There are 2 protein chains.
Amino acid sequence: MATPQTGAGDPKRSLELLWREFEPQSSRPGPKPRLTIEQIAEAAVALADRDGIAAVNMRDVAAELGVGTMTLYRYVPGKGELLDLMVDIVSDPKEDAARAAGMGWREVLEYVADSTLEFYQAHPWMLEINQRRPVLGPGSLAGYELALTAFERHTIPNREANLIVTAIWSIVTGTALSYMVSDTPAEQGGPVSTEEEWWEAQLPYLERAVASGRFPALGRVQDENAWEIQAQEAMRYALDTFLDGIAARMEASRVERPKTT
Amino acid sequence: MATPQTGAGDPKRSLELLWREFEPQSSRPGPKPRLTIEQIAEAAVALADRDGIAAVNMRDVAAELGVGTMTLYRYVPGKGELLDLMVDIVSDPKEDAARAAGMGWREVLEYVADSTLEFYQAHPWMLEINQRRPVLGPGSLAGYELALTAFERHTIPNREANLIVTAIWSIVTGTALSYMVSDTPAEQGGPVSTEEEWWEAQLPYLERAVASGRFPALGRVQDENAWEIQAQEAMRYALDTFLDGIAARMEASRVERPKTT
DNA sequence: TAATATCTGAGTACCGCGTACCCGATTACT
DNA sequence: AGTAATCGGGTACGCGGTACTCAGATATTA
């Protein structure tokens, strides 16, 4: 568990946990549980939203809920599985899905991209998590489902639809990673706390590097506000350009073999 | 250090470490160092390439070099700074820069994207690392410099050049994240080791989810080889589409205000 | 209603990892 | 030669994940 990553625990147990709706347990002897899995996940998410993913540990999550540390293990197999659960719960677009109904394909994709960026703003710890081995639960599937609805009334090969959705996810996540250098409160105790201080520390070195002449192209980009770019702007630039390319391609194929609507 | 991320250590000390070329130390009393900073970084990189970033710990890196654990701290302030060093060292495009000379802008950008994908194949642990607070050292700057050379002979506003380079980085990194579900040897001891087993475990749940009717669009994408997509293909699709958009934009601006070459 | 099987909550302890501290050995400058 | 700084590396501590364990509570079954 050194690296917070999805699928770090036993994936079978993660899947059982995420899809627990599939196996409603019958009534059993013994006391009723004091907690629910949802409560634990929400407490962990709240902690992560507030202090970053590094602050999420079993002791503190338990303390947040007013129970002993080991009590959590009655509900969740381990920290790895809890992380998968957190990811799936926040990934659920919930009521967003309804809003996308009736939009055109481009509108839906733009809406998905925008709300994903907002999502990263609300849960910056999602950018700290290594997403290899995604554990697909109801939440993630709902998110993918939402993106796919863009092509509901269009004849796009499934394979291409997948490529498009992945591309958009890449664009949004990539720009979020590049520009959301969030100041997680967790590290405010560290030697350099704010983003501003961060760049300030690097400046003298960058200046010397450019002065050395080893980076001529970089040196030419020193003017104006070339570096003052926000996540929203960078994402929209990449997204718009990409969607222009898609639109051109769709237009071309429509001209090739005309089709009603 | 729970989360392996750049800039986790003291950034000032990281910068001093990365830009150590700026301050060549004069001869000092005491024994000659047995190691060099490069050796340590390379040992750590080799370990990460082989077993993933989670396998990189001070004890094992030291053992790899045949020295005591604490000896490393004579050369490197701490693990966080070592990680920044590893990132910067592998980020250096080295001889790639020469090969890009003379290429057209699109060719350069495609070359950068392709070699970045290969880079992730060689160093999959770079995808496991959280890149917030990038510490800019000579290696990363050289990488950025290489991408910027694409616009050397074109009049593109600096701001836009930045947006394009970032977009390409997002596309490559995003698709790598999505499709390079690498089987890091480190976790081969775990309950599910190969990628195949991984998807196999998820399949029954996905089938039940689709069968439930809650994900109609997903259900429609069940045919053919819609899900069999490789990183290379996904990246090229997104990249080509994006570059098409850029080309169209450049063409439009050239028509607007004609310019020689 | 009584018996029983099972579950809950939580303290204790262990292990892996980063690293602070310390000491003897070594070597350049005066 | 004397001095002072540096090098190697052993020891130990703190933090975080979690295995083990057991007393007490409680829903089901007879």
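Each chain gets a letter, A, B and so on, in the order the sequences are listed, and its residues count up from 1. What you are looking at is a predicted structure, and each value in this text was computed from that prediction instead of being measured.
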Worksheet item: Hey, does A:V61 reach any base, or is it just sugar-phosphate, or nothing, if we go heavy atoms under 4.0 Å?
Response: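 Since no nucleic acid heavy atom lies under 4.0 Å of A:V61, the category is nothing.
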
Discussion item. Over all strands shown, is A:R59 touching base, sugar-phosphate only, or nothing at heavy-atom distances under 4.0 angstrom?
Written reply: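 Contact class for A:R59: base.
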
Worksheet item: Taking for each residue the nucleotide of DNA chain C bearing the nearest heavy atom, is the 5' side occupied by B:N57 or by A:V67?
Response: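 Comparing both residues, the 5'-ward one is A:V67.
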
Whole-Å distance separating the [atom1] atom of [X] from the [atom2] atom of [N]:
X     : N      : atom1 : atom2 : value
A:Y75 : C:dA10 : OH    : C1'   : 13 Å
B:L82 : C:dC17 : CG    : P     : 15 Å
A:D60 : D:dG16 : CG    : C1'   : 10 Å
A:L72 : C:dG9  : CG    : P     : 10 Å
B:I40 : D:dG9  : CD1   : C1'   : 14 Å
A:L65 : C:dG9  : CG    : P     : 11 Å
B:E81 : C:dG18 : CD    : P     : 13 Å

Worksheet item: Between A:Y144 and B:W227, does a ring pair (Phe, Tyr, Trp, His ring centres under 6.0 Å) hold up when you go through it step by step?
Response: CA-CA 13 Å; A:Y144 211 87; B:W227 299 103; 5.8 Å; yes

Discussion item. Hydrogens and angles aside, do B:T6 and B:D84 bring a side-chain donor and acceptor to less than 3.5 Å of each other?
Written reply: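 Checked: B:T6/B:D84 side chains show no N/O donor-acceptor pair below 3.5 Å.
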
Discussion item. Side chains of A:T36 and A:Y75: any donor to acceptor distance under 3.5 Å?
Written reply: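 No, A:T36 and A:Y75 have no side-chain donor paired with an acceptor closer than 3.5 Å.
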
Worksheet entry | Nearest to side-chain heavy atoms of B:P33, which nucleotide of C:dT19, D:dC7, C:dG9 |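 Nearest listed nucleotide: D:dC7.
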
Worksheet entry | Nucleotide nearest A:M58 (side chain, heavy atoms from C-beta), chosen from C:dT19, C:dA10, D:dG17 |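 Of the options given, the side chain of A:M58 lies nearest D:dG17.
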
Worksheet item: Donor-acceptor pair, B:R20 side chain versus B:L17 backbone, under 3.5 Å?
Response: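 Yes: the side chain of B:R20 pairs with the backbone of B:L17.
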
Worksheet entry | Within-4.5 Å side-chain heavy-atom neighbours: B:D51 and B:L47 |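 Side-chain contact under 4.5 Å: yes.
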
Worksheet item: Between A:R34 and C:dC7, does any side-chain N or O lie under 4.0 Å from OP1 or OP2?
Response: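 So the side-chain polar atoms of A:R34 never come under 4.0 Å of the phosphate oxygens OP1 or OP2 of C:dC7.
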
Discussion item. Between A:T71 and C:dT8, is there a contact of a side-chain N or O with OP1 or OP2 at under 4.0 Å?
Written reply: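 No, A:T71 has no side-chain N/O under 4.0 Å of OP1/OP2 on C:dT8.
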
Fill in: Base versus backbone protein contacts along nucleotides 20-30 of chain C [heavy-atom cut-off under 4.0 Å; B, S, -]
BBB---BBBS-

Worksheet entry | Cation-pi geometry met for B:R133 and A:W198 (6.0 Å, 45°) |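 Relative to the ring axis of A:W198, which defines the angle, B:R133 lies inside both limits.
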
Worksheet entry | Derivation and outcome, side chain to side chain contact (heavy atoms under 4.5 Å, CB included), residues B:D114 and B:M235 | CA-CA 9 Å; B:D114 279 336; B:M235 192 277 278; 3.4 Å; yes

